[in-house]
2 protein chains.
Amino acid sequence: MSLSHAIMTALLDEDLSGYELAKRFDVSLGFFWSASHQQIYKALKQLHESALVSAKDIDQQGKPNKRIYALTDSGRKDLDTWVLGETRTKPAKDELLVKMYNIGRSDLDQIVAKIEVRRGEHVLKLALFRKIESRQYLDPENLPLRKKGVYLALQAGILQTETSIRWCDDSLSLLKR
Amino acid sequence: MSLSHAIMTALLDEDLSGYELAKRFDVSLGFFWSASHQQIYKALKQLHESALVSAKDIDQQGKPNKRIYALTDSGRKDLDTWVLGETRTKPAKDELLVKMYNIGRSDLDQIVAKIEVRRGEHVLKLALFRKIESRQYLDPENLPLRKKGVYLALQAGILQTETSIRWCDDSLSLLKR
DNA sequence: CGGTACATGTAATCTGTTACATGATTCA
DNA sequence: TGAATCATGTAACAGATTACATGTACCG
């Protein structure tokens, strides 16, 4: 399960609770590796049992108590091994593209509407990416090496999102009329 | 399960056996919706039980016998409903992008090598897409509506693959030296 | 003789989703 | 008063992967 490795990657920078990790997986890292809080809590439990992360319970007043997790040395080692190992990619599953094969039989207008919705979502996503970029990554050449990787992941998101918007535009202009 | 809908979509054009469907899911449709033969046989069984597809056993000499599946009217109806319904997309899970966050701690060269491998894979994939394009989709404006959808799905593949290659190039030039 | 293509499956396991559960605090 | 945020989980189910199983024919 490489969700555990994504979690450990998130723990490189800061110690986090399950709840905080779930939020990271909603943005940033989550753009490239999505996970629900249920998955995350379960994975954390296993990581803790394998001693790849350590846990500390924090009492809070006014809020529920929480458990903060931190990478252990053996967690770091495990991460290193994973980074060097086989790298797998699970391609996206996009119902819209399958639906495109159905154009002509079913209602064209409805599919056009779906493409427009898709376009809107990607425009929002791109704006978010650009915001992050302009706040933290204006001068990529002079970033420390560690940050260059994060910057490049962000660029992947930006490029793919721009491409999706372009595809929506091309599709709309071919299908409309 | 919308694997069944992807299968029914593949059956729009021709009647196919499980084995032949599995091959389609290895290329073409499979670029947007991947599935193993085990998944496909299982889904076909269920589709048949629900009478969304019909099956015909074909005796062959020299080869194993096979079952050819065809869409039924109620399968067509079910597909129509699905096309108009909610459209979900599961974003790709890309270990390489998670590994990018680890640059700086672990070996840079190894990650650079992985990006080069990725680039090579995408170059091959693009060549394949371009071949399909040049054989069947040279004049998109004048395609029948039904084929325009398939053409646009192919374009999505082409654009995304080109973008990935560009990302590899950008990354290599930022990380090398 | 070994590999690939043809052809269809079962079983176990791993991952991911949906639904449910609890409960305090803060903001509108 | 109701929704959102903080915080952590369990249970059932759905979907996907890996391993295993079987057997012919054809090509080099």
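It should be emphasised that the depicted structure is a prediction, and the values quoted were computed from it without experimental measurement. Residue numbers begin at 1 in each chain, while the letters A, B, ... track the order of the sequences.
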Protein-to-nucleotide contact annotation, 5' to 3' order, nucleotides 23-28 of chain C [B base; S sugar-phosphate only; - none; under 4.0 Å, heavy atom]: B-S---
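The span of DNA chain D lying next to chain A, judged by atoms under 4.0 Å from heavy atoms, is bounded 5' to 3' by D:dT5 to D:dT18.
Between the side chain of B:Lys148 and the backbone N or O of B:Pro140 there is no donor-acceptor pair closer than 3.5 Å. Listed for the A:Lys99 side chain is a donor-acceptor partner under 3.5 Å among the backbone atoms of B:Trp82. Distance alone, capped at 3.5 Å, places no donor-acceptor pair between the A:Lys77 side chain and the A:Thr72 backbone.
Applying the under-4.5 Å side-chain rule to Ile, Leu, Val, Met, Phe, Trp and Tyr, the cluster around B:Tyr19 extends to B:Tyr41. Hydrophobic cluster membership of B:Leu124, counting Ile, Leu, Val, Met, Phe, Trp and Tyr whose side-chain heavy atoms lie under 4.5 Å apart directly or via other members: none, as it forms a cluster of its own.
Among the protein residues, B:Gln38 comes within range of the nucleic acid bases, having at least one heavy atom under 4.0 Å from a base atom.
Shown for residues 40-57 of chain B: residues whose heavy atoms fall under 4.0 angstrom of DNA chain C, namely B:Tyr41, B:Lys45. Of the residues in residues 19-36 of chain A, A:Tyr19, A:Lys23 come within less than 4.0 Å of DNA chain D through at least one heavy atom, sorted by number.
Between the side chains of B:Arg88 and B:Ser2, not a single donor N or O lies within less than 3.5 Å of an accepting N or O.
No more than 12 heavy atoms of other residues, nucleotides or ligands sit less than 6.0 Å from atom CG of B:Asp73.
Axis orientation changes by 40° from one end of the helix from C:dC1-D:dG28 to C:dA28-D:dT1 to the other, with each end axis drawn from 5 pairs and the value rounded to 10°.
Minimum interatomic distance between A:Ala156 and B:Leu97 (heavy atoms only, all atoms of both residues): CB-CD2, 3.7 Å. Residues B:Leu175 and B:Leu108 share a closest heavy-atom pair of O-CD2, 3.9 Å.
In this structure, the side-chain hydrogen bond (donor to acceptor under 3.5 Å, both in side chains) partners of B:Asp57, at least two apart in sequence or on a different chain, are B:Arg67. Looking at residues two or more places apart in sequence or on another chain, you find no side chain to side chain contact (heavy atoms under 4.5 Å, CB included) involving B:Ala113. Qualifying side chain to side chain contact (heavy atoms under 4.5 Å, CB included) partners for A:Gln39, counting only residues two or more places apart in sequence or in other chains: A:Leu3, A:Ala35, A:Ser36.
What separates NE2 of B:His37 from P of C:dA5 is a distance of 14 Å, to the nearest Å. One atom, NZ of A:Lys90, and another, P of C:dT15, lie 9 Å apart when rounded to the nearest Å.
Regarding contacts with the backbone of C:dT18, a side-chain N or O of B:Arg88 is found under 4.0 angstrom from either OP1 or OP2.
Note that B:Lys90 lies outside the cation-pi zone of B:Trp33, set by a 6.0 Å cut-off to the ring centre and a 45° limit from the axis.
Residue pairs meeting the salt bridge (Lys or Arg N to Asp or Glu O under 4.0 Å) criterion with at least one partner in residues 22-32 of chain A, sequence neighbours excluded, are A:Glu14-A:Arg24.
Residues B:Gln39 and A:Ser17 each lie close to DNA chain D; by heavy-atom proximity, the contact nearer the 5' end of the strand is made by A:Ser17.
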Donor-acceptor list for residues 43-52 of chain A side chains, cut-off 3.5 Å, not counting sequence neighbours:
residue: A:Ser50; atom: OG; partner: A:Gln46; partner atom: O; Å: 2.7

